[in-house]
Every structure is written in structure tokens, then in C-alpha cells.
Amino acid sequence: MDKIEIFYNQFIVKGSYILVVEGLLVTIALAVCGLIIGILVGTILAILITKEDKNVLERLLVGVGKVYVGFFRGTPIVVQLLFIYFVILPLLGLAGSSALLVAIVIFGLNSGAYVSEIMRGGILSVDSGQNEAARALGLTSKQSMRFIIFPQALKNALPNLGNEFITLLKETSVANYVTVHDLTYAFKTIGSASYEYMIPYFFLALCYLVLVMVASFIVKKYEGKLRKSDKR
């Protein structure tokens, strides 16, 4: 029995394709939920950093935020997963927590560190004169940020947020290190069941390639729409 027959028997006859479908859904969920958390955390941090008149609490939060960004941007995602899941959580008495939930939070925090810089750049790209005009019209700094600055900053940052999603999609491949049953885990299981890894890993790479190509196509289409709207 050759390698393809072994894979076919394991994948179709023995029903391992179900593992792949479930793993695919988990991988997409990790990337989507991670990006949502990243956008929330990163946006809050970016607004705090770019705010001019900070109070004592906000200065403290910015300091904590810079340490957080330094850690998550300065260490590999796989190290963050292993360190938090196998070291920090047991120390906090949370050993045995849902691996999927923990992975989503860690990917979200990792993404937030990068999104904070993306959103900070988006906020700074808005002409400062618009903020001054909003204040002249009687808007408070919070109202100016909410109604004038942030909508434009978000629009400027959207292409980079799309690229962050693509990066996050690829990084989820290490989630199986903490026993998350993602796409990589599914193909590793198929390979270990038949002791034949070449074909499963080939299709694993192909699956990620297709996912990234689809995501890249969507991002480029959206960037094209943004450019057209800017020309009007």
C-alpha cells in the first residue's frame, strides 16, 4: 500500500476528514476571535497613548501597556502559549483551563500588541487640524476622538488590520502545542495513526495556503474599494 492509499484509507474510510473539518473551524475561530480581542485591546491602548492630557491613572495604564506590548512583541507566540498555559495559569490555580479559550485570549493579547501600533499610526495619520476644528466647534476631546478622529483612523488602519488577520491565521498553527484541536492537530493525528506523515503534512500546508490566499484576496478587494472611495 503506497502513501496515497494509506492517507485515503485514514482520511476517507476511517473518517478522519471529520477531524480536519473540526480543526478548520477551530483555526478560523482562533484567528477571528483573536483579532476581535486584539482590536479591542489595541484600540484602547492606542487611544490612551495618543491622548494629550493624561491623568495619573492613564499614565499608569500607558506604562503597563508598554510593558505588555514589549512582552508580546518581543517573544515568539509559541513561547507565550507555553509560558502562560503551563507556568502562569498553574501558579494562579487555573491549571486545566479550557485550552481553546486560553489560546483565544493569548492570540488576542498577542494581536493587541501589534494592533495598538497599527491604530496609533492610524490616529496620528489624521490631520491634527481636524481635532483643533472639532474643539473650536465645542466638542470635548472624547467627542472629538469618537466622532472625528477615530472613524478616519479606523479607515486608514483597515488594510493593516487585514494583514494582521492573515498573520494571525498562520500563527494559529502552533495552538496544538497546548492541545488545541486545530487544523495542524488534525493532520498530525492522521499522520500518527498511520505512521505516514508526508501526505498529511502536504495537505496541511495546502490548507493553510488556500486559507491565506482567500484572506489575502478579500483584503485586496477591500483595499481596492477604499482607494475608489478616496478618489470620489
Side-chain angles (χ1 to χ4, degrees), residues 1-39 75-86 89-90 94-112 114-115 159 161-225:
M1 187 178 292
D2 61 21
K3 296 179 187 296
I4 295 177
E5 280 186 280
I6 293 172
F7 177 75
Y8 177 84
N9 182 63
Q10 188 65 39
F11 189 77
I12 302 296
V13 178
K14 295 186 178 180
S16 292
Y17 65 88
I18 296 173
L19 279 177
V20 174
V21 173
E22 292 173 348
L24 176 62
L25 295 176
V26 169
T27 291
I28 294 172
L30 280 171
V32 172
C33 294
L35 184 64
I36 291 172
I37 294 172
I39 290 174
T75 56
I77 182 64
V78 66
V79 173
Q80 295 161 20
L81 279 168
L82 295 173
F83 178 70
I84 294 174
Y85 190 77
F86 292 111
L89 292 184
L94 298 174
S97 300
S98 168
L100 177 59
L101 180 59
V102 172
I104 286 174
V105 172
I106 295 172
F107 279 113
L109 292 175
N110 177 275
S111 179
Y114 292 91
V115 171
L161 290 176
N163 292 329
E164 171 62 17
F165 175 72
I166 293 170
T167 300
L168 199 57
L169 191 61
K170 292 185 288 185
E171 288 181 339
T172 59
S173 62
V174 300
N176 67 97
Y177 278 68
V178 292
T179 70
V180 174
H181 294 186
D182 66 335
L183 194 60
T184 303
Y185 176 88
F187 280 104
K188 282 176 71 175
T189 301
I190 293 172
S192 61
S194 60
Y195 299 101
E196 175 51 58
Y197 291 93
M198 189 175 78
I199 303 299
Y201 282 177
F202 169 80
F203 280 103
L204 171 63
L206 187 62
C207 284
Y208 276 109
L209 179 62
V210 171
L211 283 173
V212 169
M213 287 178 67
V214 171
S216 299
F217 175 78
I218 294 172
V219 169
K220 286 181 180 179
K221 290 289 286 185
Y222 191 77
E223 286 178 357
K225 289 184 179 180

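Quick caveat: nothing in here was measured; it's all calculated off a predicted structure. The analysis underlying the following values was restricted to heavy atoms, covering all of them including side chains, and did not include hydrogens, waters or symmetry mates.
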Ignoring hydrogens and angles, write down the donor-acceptor pairs under 3.5 Å from the side chains of residues 24-34, residues two or more places apart or on other chains.
| unit_1 | atom_1 | unit_2 | atom_2 | d |
| --- | --- | --- | --- | --- |
| T27 | OG1 | G23 | O | 3.1 |
| T27 | OG1 | L183 | N | 3.1 |

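- Ring orientation note: the planes of F7 and F11 are close to parallel, at an angle under 30° on the 30°/60° scale.
- A distance of 11.5 Å separates OG of S173 from CG of L211, quoted to the nearest 0.5 Å.
- L109 is not listed as a side-chain neighbour of Q80, based on a closest heavy-atom distance of 4.5 Å or more.
- A donor-acceptor pair under 3.5 Å links the side-chain atoms of S16 to the main chain of Q10, judged by distance alone.
- Y197 has its side chain within reach of S192: a pair of non-hydrogen atoms, C-beta onward, lies under 4.5 Å apart.
- A distance of 10.5 Å separates CZ in F83 from CG in L89, rounded to the nearest 0.5 Å.
- Annotation: side chain of Y208 is in contact with side chain of T184 (closest heavy-atom distance under 4.5 Å).
- Here the NZ-CE distance, from K220 to M213, works out to 9.0 Å after rounding to the nearest 0.5 Å.
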*For I37 and F107, what are the C-alpha separation, side-chain angles and deciding distance, and is it a side-chain contact (heavy atoms from CB on, under 4.5 Å)?*
CA-CA 8 Å; I37 294 172; F107 279 113; over 6 Å; no
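- Looking at residues two or more places apart in sequence or on another chain, you find a side chain to side chain contact (heavy atoms under 4.5 Å, CB included) between V78 and P76, L82, V174, Y177.
- By the ring pair (Phe, Tyr, Trp, His ring centres under 6.0 Å) test, Y17 is found to be paired with no residue, residues two or more places apart in sequence or in another chain being considered.
- When all heavy atoms are compared, the tightest approach of L35 to L168 is N-CD2, 3.4 Å.
- The two atoms that bring P200 and F187 nearest to each other are O-CD2, 3.2 Å, heavy atoms only.
- Between A215 and F165, the closest heavy-atom pair is CB-CE2, 4.1 Å.
- Contacts classified as salt bridge (Lys or Arg N to Asp or Glu O under 4.0 Å) and involving residues 187-197 (residues at least two apart or in different chains) are given here: K3-E196.
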Residues 99-106, side-chain donor-acceptor partners within the protein, below 3.5 Å, at least two apart:
none

*For T179 and Y185, run side-chain contact (heavy atoms from CB on, under 4.5 Å): C-alpha distance rounded to whole Å, both residues' side-chain angles, the deciding distance at 0.1 Å, then the answer.*
CA-CA 8 Å; T179 70; Y185 176 88; 5.9 Å; no
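- Taken from OG in S216 to CG in L169, the straight-line distance is 9.0 Å, to the nearest 0.5 Å.
- The structure places CD1 of I6 at 10.0 Å from CE of M198, a figure rounded to the nearest 0.5 Å.
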*Under the side-chain contact (heavy atoms from CB on, under 4.5 Å) criterion, do L81 and V180 qualify, and how do the steps go?*
CA-CA 11 Å; L81 279 168; V180 174; over 6 Å; no
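- With sequence neighbours left out, V219 forms a side chain to side chain contact (heavy atoms under 4.5 Å, CB included) with N163, I166, E223.
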